[in-house]
Amino acid sequence: MMNAILWLSLTVAVYVLSKRIYRSYPKIYLTPLLVTPIVLIAALELSGVSFAAYDKGAGLLSNLVEPATIALAVTLYKHIDVLRKHAGAIAAGAGCGAVAAVVTSVGLARMLGLQTNVTDSLAPRSATTPIALSVSHMIGGVPTLTAVATLITGLLGLLIGPLVVKALRVDSPVARGVLFGTSAHSAGISKALEYDAVTGSVASISMMFAAFVTLCVTPWILPWLT
C-alpha cells in the first residue's frame, strides 16, 4: 500500500515540477506530457519496479480521465457560437483527417509487410485512447500495441504540430484546433489550449468527432486495404 501511495505521489510531483519548468522555459522538449513519462519510465527501470506494481497506485489517476473529458464541455459551451458557425469546416476537417489517418496507417503497415494483427492494431491510433482500444478489439488488433501507438501519436502531434503551425503560418484558431484535435487527440487539446480557449474548444470537438468517424469507418475501410 505504501509503495502504491509513493508512486502516485511521485507521478503527481514529477508532473507538477515539469509543468512549472515548462512555464518558465516553454520549449517543446520540456512539455510535461513528454517529460513526465520519460522520468517515470527511467525511475521504474532503475528501481526494478514492475508496471503492475506502479499501476496499483498511479493507476488511480486514470480514473480522472473521464471527468476531465466531461469538464471540456464547459469550454465548449463558452464558445458554442464559434463552433456553430464553423461546424461544417470542423466536421469536414476532422472527418477527412480521421479517414486519412486510418488509410495511411494501414497502407504504410501493409507496405512494410507487417502482420495483420499489427496492422489492425495501428489502424485506430489517431483516435482518443478509449475509442482506439475499442476499435482495436473489435477488428482483431492487439489493444496493448494500440495503446502504445496512440501514445506515440499523441506525443508526435504534440511535438510536430507547433512546427507545422509555425511553418505554414496557421493563424486561424479553428484551423489550429482541427489540426491538434484530429492528429493528437487529448495531447493535442493540451497543446491547443496553450494558444487560446477557442483553439482548445475546436480541438476538443474535433477529437470527439474524429473518434466517432474512426469508430464507424475503420471496420469498413480495412477490407478494402487488404
Check your understanding: Does T146 use its side chain to pair, donor to acceptor, with the backbone of S121 at less than 3.5 Å?
Key -> yes
Can you measure from [atom1] ([X]) to [atom2] ([Y]) and round to the nearest 0.5 angstrom?
{"X": "T31", "Y": "L155", "atom1": "OG1", "atom2": "CG", "result": "8.5 Å"}
{"X": "L10", "Y": "I5", "atom1": "CG", "atom2": "CD1", "result": "13.5 Å"}
{"X": "L133", "Y": "T150", "atom1": "CG", "atom2": "OG1", "result": "6.5 Å"}
{"X": "L33", "Y": "Y22", "atom1": "CG", "atom2": "OH", "result": "9.5 Å"}

Looking at every non-hydrogen atom in both residues, tell me the closest pair between [X] and [Y] and how far apart they are.
{"X": "S136", "Y": "P124", "answer": "N-CG, 4.1 Å"}
{"X": "G200", "Y": "L193", "answer": "CA-CD2, 3.5 Å"}
{"X": "A132", "Y": "A127", "answer": "CB-O, 4.0 Å"}
{"X": "L222", "Y": "A123", "answer": "CD2-CB, 4.3 Å"}
{"X": "A43", "Y": "S47", "answer": "O-OG, 2.8 Å"}
{"X": "P37", "Y": "P32", "answer": "CD-O, 3.9 Å"}

The side chain to side chain contact (heavy atoms under 4.5 Å, CB included) partners of A53 (sequence neighbours excluded) come to V49, S50
Residues passing the side chain to side chain contact (heavy atoms under 4.5 Å, CB included) test with L215, sequence neighbours excluded, are I131, V135, M138
Transitive ILVMFWY side-chain link [X] to [Y], under 4.5 Å:
{"X": "I21", "Y": "Y29", "value": "yes"}
{"X": "V82", "Y": "M207", "value": "yes"}
{"X": "L17", "Y": "V35", "value": "no"}

Contacts satisfying ring pair (Phe, Tyr, Trp, His ring centres under 6.0 Å) that involve residues 140-160 (not counting sequence neighbours) are none
Contacts satisfying ring pair (Phe, Tyr, Trp, His ring centres under 6.0 Å) that involve residues 158-187 (not counting sequence neighbours) are F180-Y195
The residue among V148, D120, N117, V118 that forms side-chain contact (heavy atoms from CB on, under 4.5 Å) with V142 is N117
Only one of I90, I205, T199 passes side-chain contact (heavy atoms from CB on, under 4.5 Å) with V178, and that residue is I90
- Are L122 and V106 side-chain neighbours, meaning at least one heavy-atom pair lies under 4.5 Å? no
(message) For a 4.5 angstrom cut-off between non-hydrogen side-chain atoms, does V202 reach H86?
(response) no
Please list all pairs passing the side chain to side chain donor-acceptor pair (under 3.5 Å) test where one or both residues lie in [range], with sequence neighbours left out.
{"range": "residues 206-220", "value": "none"}
{"range": "residues 8-17", "value": "T11-Y54"}
{"range": "residues 32-45", "value": "S18-T36"}

Contacts satisfying salt bridge (Lys or Arg N to Asp or Glu O under 4.0 Å) that involve residues 10-19 (not counting sequence neighbours) are none
Contacts satisfying salt bridge (Lys or Arg N to Asp or Glu O under 4.0 Å) that involve residues 185-196 (not counting sequence neighbours) are R176-D196, K191-E194
Got a list of side-chain donor-acceptor pairs under 3.5 Å for residues 156-173, not counting sequence neighbours?
unit_1, atom_1, unit_2, atom_2, d
S172, OG, V174, N, 3.3
S172, OG, A175, N, 3.3

Atom pairs and distances, donor-acceptor, side-chain atoms in residues 98-105, under 3.5 Å, two or more places apart:
unit_1, atom_1, unit_2, atom_2, d
T104, OG1, A100, O, 2.7
T104, OG1, A101, O, 3.2
S105, OG, A101, O, 2.6
S105, OG, R125, NE, 2.6
S105, OG, R125, NH2, 3.2

With sequence neighbours left out, the residues meeting side chain to side chain donor-acceptor pair (under 3.5 Å) with S190 are none
